[in-house]
Every structure is written in C-alpha cells, then in structure tokens.
Amino acid sequence: MKTITKIVLFSSISLSTFAQFGLSPAQRDSINKLTTNDHNNMLMQLNIERTQLRRGPSGNPKDANAANSSEEKVNQYTLPDALVLKNGKKVKTAQEWLEKRRPEIVENFESEIYGQLPKNIPSVTWKVISVKDTMIGNQAIKEKTLKGTVDNSAYPAIKVEINLLVATPAQTPKQVPVVLEFGFIRSPFGPNTTQPIGLGSSGEPTWKEQLISRGWGYAIIDPSSVQADNGAGLTKGIIGLTNKGNFRKPDDWGALRAWAWGASRALDYFETDKDVDAKRVAIEGLSRYGKAAIVAMAFEPRFSLGFIGSSGAGGVKILRRVFGEQVENLASSAEYHWFAGNFIKYASKLTPNDLPVDAHQLVALVAPRPVFISSGSPQVEGQWVDAKGMFLGAAYAGSVYHLFNKKDLGTMDFPKLGMPLVDGEIAFRQHAGGHSTGPNWSTWIAWACRYWGDCK
C-alpha cells in the first residue's frame, strides 16, 4: 500500500518534483511565492475571490478528503455531443466535421481550457550541437543533440533555447520513422544520461532499444527548456517572451500548449533532417507529458501517431467524471499553469458540468489519425489518473472516427487488465505495471506497424 500511495501522490504534489529537484529551500520558497503571486493575479483578472475556489480531493487514499476511487460513487453526467453543432444541427459527414464542428470545438478548448497561441510567436533556429556514433543497449545509433534558439529580438530580457536529442539507427540508408518523447535528456537526479520514464518491464529492452531494433528512431524534447513547469515561470519561457515579461491574460496559453508548440518546432527540424521521415513522427508522453502529448496531437496535424500515457484529468480522462483527480486540482496553484486562466472558473463560479467541451472531444480532434491510450494497473499506479475515465474519453470519440470510416475501440465496456483493444485507429490498453508507458511499448510498436510498416 505504501508504494501505491507514493505513486498516487506523485501526481498531486504542490509543484513539479523535477522542477524543484536540487533547489535550495530558499529557491523553492521563491518559486512558491512567485507562483502564488501569479495565481492571485489571474484570480483578480477573473474577479474570483480565493475563498470561492473549491478544494480539490487528495491523492492520498488515507486522507479524509481522499479522491473518489469507487465506481459506485461516480456521479451521473451528460457529455456534450461531438457531432452536434452549436446551432443544434447534426454533423453527418467528415467534411461537415472538418469545416464546421471541429473549429467550434477548437475554439472552446482554446478559450476555456488550454489557451490560445499568440499571434506574435517568434521563429526558432535549430543548430546541431553534436553528432556521435554510440550504442543504446546492443544497438548502434547516430545521436544528435540540438538547440533551438527562439528569436528574442523583440524582448531580449528573456532567452529561450529548446533542448532536443535525436537518435536513429547507425548507417541507415533511408529516412526512418521517429517517436518524439516529452521527457528528460539528462536525469534531474544526477549527471548521467537519464533512463526515461517509459522503461521496459523487467528483463525487457527499453523503449529506445525496441524502436532502434525495428529500424526506427527516437527523439526527446525537454519541455522545461520551452516553458517551466510552475506558475512562477509564466512570465518567462516562451509564454513570458511573447508577453514581454507580463502576466498572462485569461485566455492566453498555458504550459501544455507551450510544450506542444515546442514539439511542433521539433517537427519543423525533422522536416530538414535527412535521417528522419517527417511524415512518420509519433508523439509520446506520460502523466503531465501525456496531457501535453494529446494536446500536441489535437492541434498539430503533422503528427502521424500518438502514444498517450496515463494523462488523467486535463488529458483524455472525462473531466465531468468524479473519480480520481478533479478540475479543482487542476485549477489550484499547483497545476493551473498548465492551462488557460479561464479554466479556473470551472473550480469556482462554475462547475465541470458547465464546460462546453470534454476530453472525448479532445481525442476526436485527432481524427482520423491513430491514437493509443495507455494506463497502468490501479493496484500499482493507483486510481488518481482514472483509467476508466481515460477509456471513456477514447471510447466516446469513436463517433467522429466513424465519419472517416475509421475503427473505434470496438466496445463501450471497460476491458480487463492487460486486454489490448488495438483493432482500430483508437486503441487502449491498461498494463499491469505502475506510472509508466513501459509495459505497453511492445504493444504500441506492433500496433504502429500497421500504419508505418517497415517492421523487421
């Protein structure tokens, strides 16, 4: 039980563990104070008193305020119909979806949840810092490290440099597909190259080895080099640069959208790399980076496939569903920076039932491209991310995929642990491990082969 509690609490800490690792107490205090100040500023802009904010449940199942983990206590809710226009008319064709309904849903997500991209985002210039032949496990690779420098001529006080690593099989005669992971190029816990979150299970090759052995490549983008994972950083990073160091407005973009923007700039680079097939690039992430991965898939049509790991609330979990992490947690000073300021309204003056959209429509924005939803075991990962809520987010997106003659999950019944639902363009599997995509990598690769081919 102790292990479960620790894993659950990992998702509900007051600020990112990684963002604060290695900082002195004084530095952590400074981040917390700046975050509180920024959060208060947004509340003031929204005309919300702090006392109006509803408290989110605890991720510790032993707390009196513990999050619901019982299906018997799940509330009744009604989801907004992905195929009904605001004027009440039913969408019947893929063309109507693309031209009429999809723009409505995008507008809602941008204004109320993830924020809008500013019109003045500066350009990024990529530079290869190093190229070396090395090994990953017993696989020979070419590894490139890059830095993407954002033009800050309009506001030199803020500098943004995006860190990216790209690895492809050594001496490959052709361009190869690549999986881009939101993650850590260097471990936040020490000087050595990190073993990423998505580890293979015991005795299984890591995700990197599995990809390289199939003739594919991998890349890692460091989200914190785009935008810090805390509210204190909102006047810095790419968000601060475009705002010239000022506070955000309520519909400005949050960190999830900023990280997704960074992934799009990595795609820009891939289109110039002779080793990478830029038309076959997948995006992958876990937890908060799983949220960023589904946001990237929804707003960037160039991503070919998605691998969305334990994204939970703010990702593919139904927000209206009272189970695990809730909107109130997301809108708190711990996590509000991931979203537009407007999102806070739904934890104060409004409720999640007032949201004009929900997670199934976020998944639907990916259509008709294939997307794989991953989760861990409730006995190991815990209930905070709400595996069934994520399953439902995927399942209710099926109606949009049908417009494109694509296959959905094939069922509305939550599958047993370990059972893969991989026959369609929407896929789902809850593995028996913890807070990781690791045990699902081999299943994802086999599924991806249907679309990418090139499997050895």
Side-chain angles (χ1 to χ4, degrees), residues 18-19 121-134 136 141-152 158-170 172 175-188 191-198 206-208 211-212 216-229 233 236-239 241 255-286 288-290 292-293 295-297 299-300 302-307 309 437:
F18 304 113
I121 308 180
S123 61
V124 177
T125 301
W126 286 101
K127 181 179 181 181
V128 177
I129 304 300
S130 68
V131 181
K132 65 179 180 180
D133 292 326
T134 184
I136 182 71
I141 61 171
K142 177 198 287 188
E143 182 183 272
K144 294 189 281 278
T145 58
L146 298 101
K147 193 170 292 292
T149 301
V150 182
D151 178 10
N152 67 342
I158 294 177
K159 184 177 182 180
V160 180
E161 293 182 328
I162 306 172
N163 298 321
L164 179 68
L165 180 145
V166 183
T168 51
T172 181
Q175 294 179 315
V176 301
V178 165
V179 177
L180 174 63
E181 177 179 81
F182 286 113
F184 305 100
I185 296 173
R186 292 282 174 180
S187 171
N192 297 323
T193 300
T194 186
Q195 192 70 287
I197 295 171
T206 67
W207 67 284
K208 295 177 177 181
L211 290 172
I212 295 295
W216 299 352
Y218 63 85
I220 301 172
I221 186 169
D222 176 8
S224 65
S225 66
V226 179
Q227 185 63 43
D229 188 12
K236 302 175 183 178
I238 189 61
I239 295 175
L241 177 59
L256 294 178
R257 198 82 198 275
W259 295 339
W261 170 85
S264 291
R265 304 292 69 79
L267 267 177
D268 294 342
Y269 165 73
F270 294 150
E271 290 177 339
T272 71
D273 191 322
K274 64 181 178 61
D275 297 321
V276 176
D277 181 352
K279 294 189 181 301
R280 291 187 292 172
V281 175
I283 186 75
E284 183 264 348
L286 174 74
R288 67 198 66 198
Y289 297 154
V295 170
M297 278 293 289
F299 289 98
E300 176 53 82
R302 291 179 295 169
F303 282 116
S304 170
L305 302 176
F307 188 9
T437 52

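Note: Leu180 CG to Leu267 CG = 7.0 Å, rounded to the nearest 0.5 Å. Here the CH2 atom belonging to Trp261 is positioned 6.5 Å from the CD1 atom belonging to Ile121, to the nearest 0.5 angstrom. Within the model, atoms CD1 of Ile239 and CD1 of Ile158 stand 10.5 Å from one another, a figure rounded to the nearest 0.5 Å. One finds the CD1 atom of Ile141 at 6.0 Å from the CD1 atom of Ile212 (value rounded to the nearest 0.5 Å). One distance of note links CG of Leu164 with CZ of Arg265; it measures 12.5 Å at 0.5 Å rounding. Atoms CG and OG1, from Leu211 and Thr168 in turn, are 12.0 Å apart once rounded to the nearest 0.5 Å.
Closest heavy-atom contact between Met297 and Gly306: CE-N, 3.7 Å. Between Gly183 and Pro223, the shortest heavy-atom contact is O-CD, 3.3 Å. Contact detail for Ala266 and Ile221: the closest heavy-atom pair is CB-CD1, 4.4 Å. Of all non-hydrogen atoms in Gly217 and Val176, the two that sit nearest each other are N-CG2, 4.0 Å. Minimum heavy-atom separation, Ala255 to Ala228: CB-O, 4.4 Å. Residues Ala296 and Ile283 approach most closely at CB-CG1, 4.3 Å, considering heavy atoms.
Distance alone, capped at 3.5 Å, is enough to place a donor-acceptor pair between the Ser225 side chain and the Asp222 backbone. Judged by distance alone, with hydrogens and angles left aside, the side-chain atoms of Gln227 form a donor-acceptor pair with the main-chain N or O of Gly233 at under 3.5 Å. Judged by distance alone, with hydrogens and angles left aside, the side-chain atoms of Asp277 form no donor-acceptor pair with the main-chain N or O of Gln175 at under 3.5 Å.
Listed by first and then second residue, the side-chain hydrogen bond (donor to acceptor under 3.5 Å, both in side chains) pairs that reach into residues 121-132 are Ser130-Thr145, sequence neighbours excluded.
In this view, Lys159 and Glu161 satisfy the salt bridge (charged side-chain N to carboxylate O under 4.0 Å, His left out) rule, not counting sequence neighbours. Shown here are the side chain to side chain donor-acceptor pair (under 3.5 Å) partners of Asp275, two or more places apart in sequence or in another chain: Lys142, Lys144. Residues passing the side chain to side chain donor-acceptor pair (under 3.5 Å) test with Glu300, sequence neighbours excluded: Ser264, Arg302. Residues passing the side chain to side chain donor-acceptor pair (under 3.5 Å) test with Lys147, sequence neighbours excluded: Asn163. When the ring pair (Phe, Tyr, Trp, His ring centres under 6.0 Å) test is applied to Tyr218, the partners found at least two apart in sequence or on another chain are Trp207.
Counting heavy atoms from C-beta outward, Ile220 and Lys208 have side chains that approach closer than 4.5 Å. Here the side chains of Tyr269 and Val128 are in contact, with some heavy-atom distance below 4.5 Å. Using a 4.5 Å heavy-atom cutoff, the side chains of Arg288 and Phe182 are not in contact. Side-chain atoms of Pro122 and Val150, non-hydrogen and from C-beta on, do get closer than 4.5 Å to each other.
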Apply the test side chain to side chain contact (heavy atoms under 4.5 Å, CB included) to residues Val178 and Trp216: give CA-CA distance (whole Å), side-chain angles for both, the deciding distance (0.1 Å), then the verdict.
CA-CA 6 Å; Val178 165; Trp216 299 352; over 6 Å; no
Using the side chain to side chain contact (heavy atoms under 4.5 Å, CB included) rule, take Val179 and Phe307 through it: C-alpha gap first, then chi angles, then the decisive distance, then the call.
CA-CA 9 Å; Val179 177; Phe307 188 9; 5.8 Å; no
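Using cut-offs of 30° and 60° on the angle between ring planes, the pair Trp259 and Tyr289 is perpendicular.
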